[in-house]
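Notes follow once the structure below has been shown.
Side-chain atoms are counted along with the backbone in the values below, which use heavy atoms only and exclude waters and symmetry mates. This structure is a prediction, so every number in the text was calculated from the model and none was measured.
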Amino acid sequence: MRIFVSLPTAAAVALALALVGASVQVSQAQSKGKSIQTEADWVSFDATAKTVTVKVLKPGRGKDAKMLKKGKQAVFQVKPEGSVLTRTTVKVNGRAGALTDIPEGKRVNIYWQVKDGEPYARSIDVVFSEEELNERYPDRDN
């Protein structure tokens, strides 16, 4: 029994297989670039340079974590604006925040990757105590 496939159908199948192969390669490349979690104390946000500076407490784990040294300052590139898919997101007690909401000395968790050879912060989490929240937002409901 012979099976005949038309040329346009064969070309469509070949294209589909090529696209599947390319998407698998992209997916594998993204999974290799997992974020590193670093615990640090907040130093500053430079809006002009689009960087944040922190004092590293726990560098985290991963092949790129060796870029950071415990007890030393580290500078991360950030993207303060744009869509949630591309900007550096900030969460303050689990709610959306901004880089300008973080006071100096506050403990933060930074989730970062290396981008263009430099540490790039994808996400920053801040947790305030109840006392800090009450002081910061006196009209909030407890």
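- Looking at Val54, Val56, Leu57 one by one, the single match for side chain to side chain contact (heavy atoms under 4.5 Å, CB included) with Asp41 turns out to be Leu57.
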Enumerate donor-acceptor pairs with a distance under 3.5 Å from any side-chain N or O in residues 94-106 to protein atoms, sequence neighbours excluded.
| residue | atom | partner | partner atom | Å |
| --- | --- | --- | --- | --- |
| Asp101 | OD2 | Ala98 | N | 2.8 |
| Lys106 | NZ | Val127 | O | 3.0 |
| Lys106 | NZ | Glu132 | OE1 | 2.9 |
| Lys106 | NZ | Glu132 | OE2 | 3.4 |

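- Taking CZ of Arg61 as the start and OG1 of Thr38 as the end, the distance is 12.0 Å to the nearest 0.5 Å.
- The shortest heavy-atom contact between Glu118 and Gln77 is CB-CG, 4.2 Å.
- Linking Ile, Leu, Val, Met, Phe, Trp and Tyr residues whenever their side-chain heavy atoms come within less than 4.5 Å places Val114 and Val78 in a single cluster.
- Linking ILVMFWY residues whenever their side-chain heavy atoms come closer than 4.5 Å, directly or via other members, leaves Tyr120 and Ile36 in distinct clusters.
- Atom NZ of Lys58 is separated from atom CG of Leu68 by 14.5 Å, given to the nearest 0.5 angstrom.
- In terms of heavy-atom proximity, Asp64 sits nearest to Trp112 at O-CH2, 3.3 Å.
- The two residues Ala65 and Gly60 have their closest heavy-atom pair at CB-O, 3.5 Å.
- Without hydrogens or angle criteria, Arg122 side chain to Arg87 main chain gives a donor-acceptor distance under 3.5 Å.
- Rounded to the nearest 0.5 angstrom, Lys55 NZ and Lys70 NZ are separated by 10.5 Å.
- Under the 4.5 Å side-chain heavy-atom criterion for Ile, Leu, Val, Met, Phe, Trp and Tyr, Met67 and Ile124 are members of the same hydrophobic cluster.
- Interatomic distance, NZ of Lys63 versus NZ of Lys34, reported as 13.0 Å (0.5 Å rounding).
- Note: Asn134 CG to Ser129 OG = 8.5 Å, rounded to the nearest 0.5 Å.
- Hydrophobic clustering (side-chain heavy atoms under 4.5 Å, transitive across Ile, Leu, Val, Met, Phe, Trp, Tyr) groups Phe45 together with Phe128.
- Counting only distance, with no hydrogens or angles, the side chain of Thr88 and the backbone of Ala121 share a donor-acceptor pair below 3.5 Å.
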